[in-house]
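Along the sequence shown, residues carry numbers from 1. Fair warning: this is a prediction, and the values are worked out from it, not measured in the lab.
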Amino acid sequence: MDAAVTSDRFAPAACARLVVKIGSSLLVDGEGAVRRQWLASVVADIAARRAAGQEIVVVSSGAIALGARRLRLEKGGRASLEDAQAAAAVGQVALSAVWEALLSDAGLTMAQVLLTLGDLEDRRRYLNVAATLDRLLALGAVPVLNENDTVATSEIRFGDNDRLAARAGQAAGAQGVILLSDVDGLYTANPAKDPGARRVPEVKTLTPEIIAMADGGSGSGLGSGGMAAKLAAARIAASAGIHLAIADGRVPSPLARFAEGGHGTVFVAGDGARAKKAWLAGRLTVQGTLTIDAGAVAALARGKSLLAAGVTVVSGRFQRGDVVALAGPDGVIGRGLAGYDADDAAAIKGLRNDVQAAALGYAPRAAMVHADHLVLL
Ligand code: GLU
């Protein structure tokens, strides 16, 4: 399949909602200034797609790089977490100002949305983000997202906007995500080191061979993504039924160029993944583990809920609604939203439903993890 055909998946006719992620090294030049003319060409691309009926969510990096220049920080503001957080606080203002000016010149309204990992991992907050993005798009605004780097500490950061873009795609119910990058796709080997490296135009399955092609680390030193982060994003997107492209962002009007058959790699989404289950499977952090017996493993495989009677061990500190791992006798088999806080789960583990009320002091729920809220991995 040639590039023109694969990029059709991201055209307005096929993709009502599209997430476009822009990396720091494209947006900010070597001196730490915004590449305004290039960005204006991206905004023109966005305006054209909007006019064709496509709703666009932007994920924009560049806050740390822009702030580092203003604060005269070394290593692009990434010498320490404190530097990065300070740089982001200063740079995000500049980043928003540029987006606001360029989008409004194009007749579009910018909405700034700063997110932490927790906002998209916590089920309640995830649903809030989804509803807000939906409302903003319905109102005709262009949401411009970034990680809230100033308050996200290292243990709980996305750390790269590639995965943030894939998660935002899920939350926004997008059909496509385009990662504009300073590389024009996935190569069979690192093209800087291996002259025989070939670009892979389309990936249907993320096999171990494909994953081995990724070469960790950002080429430019400005962003934090690298190919490994892009593949992680592709995995999240694919499991949510979203096509993801890595496209060459080094050219003017990169979205138009990509649509015309420009270079890139398209990761084709799997079919039929239900959004809720996809979201669960892709979550980065789990709060605890429910160890379950072989009978429960068999019941889950038949699509049943997890009952307390099948739980043998409860570990971790979690609350009702948190994600827990489900471990059978042979290891982790799935994930689900806990129906109980950890203490109550421990109080009723191994008990049949008719004797749980006495242990809990209140009427029990139907299941420890409902079938609708669990996924087998
Ligand atoms: N959120 C970071 C910034 O705005 C960029 C993260 C990344 O490089 O992907 O500077």
Side-chain angles (χ1 to χ4, degrees), residues 17-24 26-28 34 39 42-43 46 55-71 73 76-78 81-104 108-137 139 141-174 177 179-180 222-225 229 233 236 279 283-285:
R17 246 174 219 185
L18 175 71
V19 175
V20 178
K21 181 259 174 176
I22 299 172
S24 300
L26 295 173
L27 211 138
V28 181
V34 174
L39 194 58
V42 176
V43 168
I46 291 171
E55 292 176 330
I56 308 274
V57 174
V58 174
V59 174
S60 176
S61 302
I64 295 172
L66 288 176
R69 177 196 177 194
R70 284 163 177 71
L71 294 171
L73 292 170
R78 292 175 190 266
L81 182 62
E82 290 81 359
D83 274 7
Q85 294 190 301
V90 170
Q92 184 62 39
V93 182
L95 187 60
S96 286
V98 172
W99 275 107
E100 205 284 323
L102 293 176
L103 284 169
S104 75
L108 297 168
T109 303
M110 179 211 173
Q112 176 179 266
V113 181
L114 299 180
L115 296 169
T116 58
L117 186 60
D119 293 325
L120 292 178
E121 294 268 303
D122 176 275
R123 178 145 192 80
R124 198 174 306 131
R125 283 193 277 161
Y126 170 86
L127 294 176
N128 291 346
V129 172
T132 304
L133 290 176
D134 206 46
R135 187 70 186 129
L136 285 168
L137 291 168
L139 290 168
V142 178
V144 179
L145 278 52
N146 196 359
E147 184 162 12
N148 195 351
D149 294 302
T150 296
V151 298
T153 57
S154 62
E155 311 82 70
I156 54 160
R157 289 186 75 210
F158 275 105
D160 67 80
N161 276 355
D162 298 316
R163 284 182 303 165
L164 175 61
R167 285 263 180 262
Q170 268 179 307
V177 173
L179 306 176
L180 291 179
L222 278 178
S224 58
I236 293 167
W279 172 74
R283 300 258 300 230
L284 303 177
T285 55

For a quick test of reading the model, state the closest non-hydrogen atom pair linking Leu18 to Val20 and the distance between them. CD2-CG2, 3.8 Å

How long is the gap from CD1 on Ile22 to CG on Leu39, to the nearest 0.5 Å? 6.0 Å

Looking only at heavy atoms, what is the nearest atom pair of Ala233 and Ala166, with distance? O-CB, 3.4 Å

Least distance between heavy atoms, Asn146 atom then Ala63 atom: ND2-CB, 3.6 Å

Under 3.5 Å: donor-acceptor pair, side chain of Gln112, backbone of Pro143: no

Could you report the tightest heavy-atom contact between Lys21 and Ser61, atom names first, then the distance? CE-OG, 3.9 Å

Using side-chain heavy atoms (C-beta onward) and a distance below 4.5 Å, is Leu145 in contact with Leu133? yes

How long is the straight-line distance from CG of Leu102 back to CE of Met110, given to the nearest 0.5 Å? 10.5 Å

Leu108 vs Ile46 side-chain heavy atoms within contact, under 4.5 Å: yes

Might you point out which heavy atoms bring Gly62 and Leu95 nearest each other, and give the distance in Å? C-CD2, 4.3 Å

Sequence neighbours excluded, the answer for side chain to side chain donor-acceptor pair (under 3.5 Å) partners of Glu100 is none

Under the side-chain contact (heavy atoms from CB on, under 4.5 Å) test, residues paired with Asp83 that sit two or more places apart: Leu73, Ala79, Ser80

Sequence neighbours excluded, the answer for side-chain contact (heavy atoms from CB on, under 4.5 Å) partners of Ala111 is Leu136, Ala141

Hey, what do you get for OG1 (Thr150) to CG (Leu114), rounding to the nearest 0.5 Å? 8.5 Å

By side-chain contact (heavy atoms from CB on, under 4.5 Å), Ala84 pairs with (sequence neighbours left out) Ile64

Identify, with sequence neighbours excluded, every residue that meets side-chain contact (heavy atoms from CB on, under 4.5 Å) alongside Glu55. Arg17, Leu137

In terms of heavy-atom contacts, Ser60 and Leu27 come closest through OG-CD1, 3.4 Å

Would you say the side chain of Leu103 lies within less than 4.5 Å of the side chain of Val144, judging by non-hydrogen atoms? yes

List the residues meeting salt bridge (charged side-chain N to carboxylate O under 4.0 Å, His left out) with Arg69, not counting sequence neighbours, and say none if there are none. none

Atom OG1 of Thr116 and atom CG of Asp149: how far apart are they, to the nearest 0.5 Å? 10.5 Å

Let's go through Leu115 and Leu164 carefully: what are the C-alpha distance in whole Å and the side-chain angles of both, what is the deciding distance for side-chain contact (heavy atoms from CB on, under 4.5 Å) to 0.1 Å, and is it a yes or a no? CA-CA 9 Å; Leu115 296 169; Leu164 175 61; 4.2 Å; yes

